[in-house]
Amino acid sequence: MADTIQSVKGMNDVLPPDSARWQHLEATCRELFARYGYGEIRTPVLESTALFARGIGEATDIVEKEMYTFKDRGERSLTMRPEMTAGCARAYIEHSIHGKEPVTRWWYCGPMFRYERAQTGRYRSFWQIGCEVYGIAEPTIDAEQIAMLTELYTSLGVGDLTVLINTVGSAEDRPAYRAALVAFLEPKQDALCGDCKRRLVTNPLRVLDCKVPTCKDAVAGAPALRDHLGERTRAHFAGVQRTLEALGVEAKVDDNLVRGLDYYTGTVFEITSAAGALGAQSTIVAGGRYDGLLESLGGQPTPAMGFALGVERALLCMGGDAAAFVRPIDVFIATRGEDSRVRATALAHALRKAGLAVEVEHRDAGMKNQFRRADALRARHALALGEAELASGGAKLKDMATRQEVEVRLDDVAGIAAAARA
RNA sequence: GUGGGAGUAGCUCAGUCGGUAGAGCACCAGAUUGUGGUUCUGGGUGUCGCGGGUUCGAUCCCCGUCUCUCACCCCA
């Protein structure tokens with residue numbers, strides 16, 4: 001308790017055995033994404049601050065007050081990524097992917113950073129896994145991603161899922177709607193909360209999303225975005241819904257679903273789970289289309305669709321005993337004395353090369369203690385290697401569950417491995 | 001940024017209407033001179049988060065502070 005150094009607020013360690021649950025989630029995603037044709041992209045945690053300011057939007061909460069931004073020794077303003085879409089877009093443009101292939105599918109996994117107050121399911125350093133598809137304007141890809149996610153959560157055992165979808169309109173639709181909304185809200189300005197008064201100027205769509213009661217009242221009867229959608233947007237959204245239906249995915253249209261990031265255009269979606277210990281959060285993944293982002297960052301006009309899922313949140317409602325995901329020990333070798341430990345270490349080395357998981361008791365501990373430890377490690381077999389065994393060259397491999405023992409020769413690695421696998 | 005709750009043994013917590021502290025779990029040893037998940041016996045000084053105040057005396061009361069945690073906002 002003295003003067004020890006602790007981890008930074010809101011930034012957590014993941015230790016065994018809990019890390020095994022993370023590995024399970026990651027392995028499931030990796031395998032699933034591979035079947036859908038996604039390749040992994042890894043980008044630096046640090047990016048130029050301007051990337052996020054331009055990509056995510058100056059007026060968003062993330063850019064306004066949640067970024068870890070600082071100057072490096074060369075006086076360049078750098079920011080620890082608060083999300084990955086902007087970084088992926090930067091990489092896509094920087095490597096001229098547009099000119100190399102018509103369709104690009106990327107997935108990623110890594111830590112993101114946002115300066116917020118931590119609570120259950122929300123941390124300052126948190127992990128996201130996400131996918132980005134570039135080059136497809138058609139609505140079927142939107143539905144494909146959503147369906148892929150429902151499959152993911154189902155296979156992970158995350159229950160009580162709700163898929164919410166909406167469309168926020170294309171770059172052509174939005175200015176008209178925005179004007180109509182502002183015209184409707186301006187007379188009611190006095191009823192709005194402080195944040196919303198500001199949003200009225202910076203990002204009026206967000207007022208629709210406000211939880212303050214007076215704002216909710218003021219918003220009642222506001223013009224609906226769906227009445228301001230152009231024909232192309234309508235057709236696209238209808239296509240998404242039609243494809244989801246064909247895939248057997250039940251999705252609820254939520255008119256108030258407005259993502260907090262500026263780059264979204266057209267389809268937006270969110271999947272919530274009522275399962276597990278998510279606390280006040282319920283969103284476990286969110287995403288949408290961002291057809292204008294690449295161009296706004298200086299790239300070629302490129303349609304794009306992506307999502308990000310919160311790893312900690314997925315884990316919170318995944319359940320499952322961490323120990324069940326840990327690889328059990330095949331053979332535990334109990335020792336007595338240094339000669340025994342040397343011989344046991346060599347034997348373990350050979351057995352591990354043969355593919356077994358082996359643990360040697362390197363400490364000078366009592367036999368009873370060693371067998372207890374073998375139990376704690378969930379070892380399938382135990383082999384006591386003491387003076388008698390060293391002298392005779394033979395030993396007994398004990399099945400910890402049945403307590404049956406079989407004779408083995410210490411120099412017969414293949415034989416021991418076979419017996420341990422039986 | 002705002003508001004609740006909590007900080008006592010490695011972990012989960014109890015407790016003292018103010019007289020410097022306990023349980024369970026875990027861990028170790030022995031009963032069983034080399035064989036486990038049960039049982040029995042033995043084994044714990046821990047700045048009672050930190051600083052100050054009141055008091056003969058504070059882990060307990062008061063003030064401050066730090067940390068953790070939950071929630072609001074917002075988000076994955």
Side-chain angles (χ1 to χ4, degrees), chain A residues 1-12 56 60-66 81-85 109-130 149 193-196 198-199 203 206 209-212 215 258-261 269-273 277-288 306-317 332-337 340 361 363-390 395-403 405:
Chain A
M1 322 267 194
D3 213 2
T4 59
I5 296 172
Q6 293 177 285
S7 69
V8 175
K9 180 197 277 286
M11 305 200 180
N12 305 310
I56 299 173
T60 59
D61 277 11
I62 290 180
V63 172
E64 270 184 352
K65 52 189 189 189
E66 294 177 1
R81 62 186 184 201
E83 54 98 61
M84 272 287 274
T85 296
C109 172
M112 309 296 156
F113 303 85
R114 293 184 196 172
Y115 192 89
E116 307 178 88
R117 288 284 275 258
Q119 68 189 68
T120 306
R122 200 184 62 192
Y123 312 99
R124 289 184 170 181
S125 169
F126 63 102
W127 287 63
Q128 286 188 332
I129 293 176
L149 284 163
C193 71
D195 280 340
C196 283
R198 196 164 44 78
R199 288 174 184 141
N203 197 347
R206 298 270 301 288
D209 213 21
C210 188
K211 271 85 182 174
V212 176
C215 295
V258 183
R259 308 267 78 242
L261 286 58
F269 74 96
E270 193 171 296
I271 299 179
T272 63
S273 171
L278 252 189
Q281 330 298 331
S282 62
T283 304
I284 52 178
V285 56
F307 66 80
L309 71 86
V311 173
E312 287 87 348
R313 289 188 187 178
L315 256 14
L316 276 171
C317 45
F332 181 92
I333 306 180
T335 59
R336 254 180 101 73
S340 158
E361 182 52 85
R363 302 172 307 166
D364 189 23
M367 217 21 95
K368 175 185 194 164
N369 184 20
Q370 297 192 46
F371 271 76
R372 274 197 189 151
R373 186 146 174 262
D375 261 332
L377 292 172
R378 298 181 169 212
R380 291 198 226 273
H381 303 273
L383 186 153
L385 211 176
E387 286 157 30
E389 288 80 7
L390 281 177
K396 291 184 176 120
L397 184 71
K398 181 174 188 175
D399 184 310
M400 293 296 281
T402 67
R403 295 177 185 248
E405 294 185 319

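Each chain gets a letter, A, B and so on, in the order its sequence line appears, and its residues count up from 1.
- The separation between A:K65 atom NZ and B:rC74 atom P is 8 Å, rounded to whole Å.
- Note on A:E387: a base of the nucleic acid sits closer than 4.0 angstrom, heavy atoms only.
- Heavy atoms only, all atoms of each residue included: A:M367 and A:T335 are closest at CE-O, 4.0 Å.
- Between A:M84 atom CE and B:rA76 atom C1' there is a gap of 14 Å when expressed in whole angstrom units.
- Taking 3.5 Å as the limit, the base of B:rG34 and the side chain of A:E389 contain a donor-acceptor pair of atoms between them.
- Using atom C1' as the reference point in both B:rU38 and B:rA23, the two lie 22 Å apart (nearest Å).
- Straight-line distance between the P atoms of B:rC13 and B:rG51: roughly 25 Å, to the nearest whole Å.
- For A:Q119, the side-chain atoms get nearest to B:rC72 when compared with the rest of B:rG34, B:rG36, B:rC72.
- The two residues A:L278 and A:S273 make their nearest non-hydrogen contact at CD1-O, 3.9 Å.
- Under 4.0 angstrom from either OP1 or OP2 of B:rA76 there lies no side-chain N or O belonging to A:T283.
- On the C1' atoms, B:rU59 is 16 Å away from B:rG52, given to the nearest whole Å.
- Using atom P as the reference point in both B:rA21 and B:rG36, the two lie 39 Å apart (nearest Å).
- Both A:R124 and A:V8 sit near RNA chain B, but only A:V8 has its closest nucleotide nearer the 5' end.
- When heavy atoms are screened at a 4.0 angstrom cut-off, A:K9 is found touching the sugar-phosphate backbone but no base atom.
- Atom CZ in A:R372 sits roughly 10 Å away from atom C1' in B:rA29 (whole-Å rounding).
- For the atom pair A:L149 CG and A:F307 CZ, the distance stands at 4.0 Å (nearest 0.5 Å).
- A close approach under 4.0 Å does occur between a side-chain nitrogen or oxygen of A:T120 and OP1 or OP2 of B:rA71.
- For B:rA76, the OP1/OP2 oxygens have no side-chain nitrogen or oxygen of A:Q128 closer than 4.0 Å.
- Nucleotides B:rC11 and B:rG7 are separated by 15 Å at their C1' atoms, to the nearest Å.
- Using a 4.0 Å heavy-atom distance criterion, A:E361 is classed as making no nucleic acid contact.
- Atom pair A:I5:CD1 and B:rG49:C1' shows a separation of 17 Å (rounding to whole Å applied).
- Here the shortest heavy-atom pairing between A:F332 and A:R373 reads CE1-NH1, 3.9 Å.
- The distance from atom OG1 of A:T283 to atom CG of A:L309, rounded to the nearest 0.5 Å, is 12.0 Å.
- OP1 or OP2 of B:rG36 has not a single side-chain nitrogen or oxygen of A:Q370 nearer than 4.0 Å.
- Below the 3.5 angstrom threshold, one finds a donor paired with an acceptor across the side chain of A:K398 and the base of B:rG36.
- For the residue pair A:P82 and A:I56, the shortest heavy atom distance occurs at CG-CD1, 3.9 Å.
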So what is the 5' to 3' dot-bracket string for RNA chain B, if pairs are Watson-Crick or G-U wobble with both distances under 3.5 Å, crossing pairs use [ ] and | means the partner sits on another strand? (((((((..((((.....[..)))).(((((.......))))).....(((((..]....))))))))))))....
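- Contact annotation: A:R313 side-chain N/O to B:rA76 OP1/OP2 distance is not under 4.0 Å.
- Distance from the side chain of A:Q6 is smallest to B:rU67 among B:rU67, B:rA29, B:rG34.
- Nucleotide B:rG34 holds its P atom 15 Å from the CG atom of A:L390, rounded to whole Å.
- Using a 4.0 Å heavy-atom cutoff across all strands shown, A:A286 reaches sugar-phosphate atoms only and no base atom.
- The gap from the P atom of B:rG4 to that of B:rG44 amounts to 43 Å, rounded to the nearest Å.
- Comparing the P positions of B:rG64 and B:rG24 gives a spacing of 39 Å, expressed to the nearest Å.
- Scanning all heavy atoms of the two residues, the minimum distance from A:Q119 to A:Q281 falls at NE2-NE2, 2.9 Å.
- The CE-C1' distance, from A:M367 to B:rU33, rounds to 13 Å in whole Å.
- Side chain A:R117 to base B:rU2: a donor-acceptor pair is found below 3.5 Å.
- At a threshold of 4.0 angstrom between heavy atoms, the contacts of A:Q281 include nucleobase atoms, whether or not backbone atoms are also involved.
- Taking atom CD of residue A:E270 and atom P of nucleotide B:rA76, one finds them 8 Å apart after rounding to whole Å.
- When heavy atoms are screened at a 4.0 angstrom cut-off, A:A379 is found touching no nucleic acid atom at all.
- Mapping A:R363 and A:V311 onto RNA chain B via the closest heavy atom, the residue that lands nearer the 5' end is A:R363.
- No engagement by A:R373 is indicated, since no non-hydrogen atom pair under 4.0 Å with the nucleic acid exists.
- Considering only the side chain of A:N369, B:rA29 comes nearest among B:rA29, B:rC74, B:rA31.
- Between the side chain of A:S340 and the main chain of A:G386, no donor-acceptor pair closer than 3.5 Å is present.
- At a threshold of 4.0 angstrom between heavy atoms, the contacts of A:G121 include nucleobase atoms, whether or not backbone atoms are also involved.
- Across the C1' atoms, B:rA6 and B:rU45 are found 25 Å apart, a figure rounded to whole Å.
- The minimum heavy-atom distance linking A:A384 with A:A395 is given by the pair O-CB, 4.2 Å.
- As rounded to whole Å, 7 Å separates atom P of B:rG37 from atom CG of A:D375.
- No hydrogens or angles were tested; on distance alone, a donor-acceptor pair under 3.5 Å links the side chain of A:R403 to the base of B:rG37.
- A:M11 contributes atom CE, which lies 10.5 Å from atom CZ of A:F126 (distance to the nearest 0.5 angstrom).
- Interatomic distance, CD1 of A:I129 versus CE of A:M84, reported as 11.0 Å (0.5 Å rounding).
- At a threshold of 4.0 angstrom between heavy atoms, the contacts of A:Y115 with the nucleic acid are absent.
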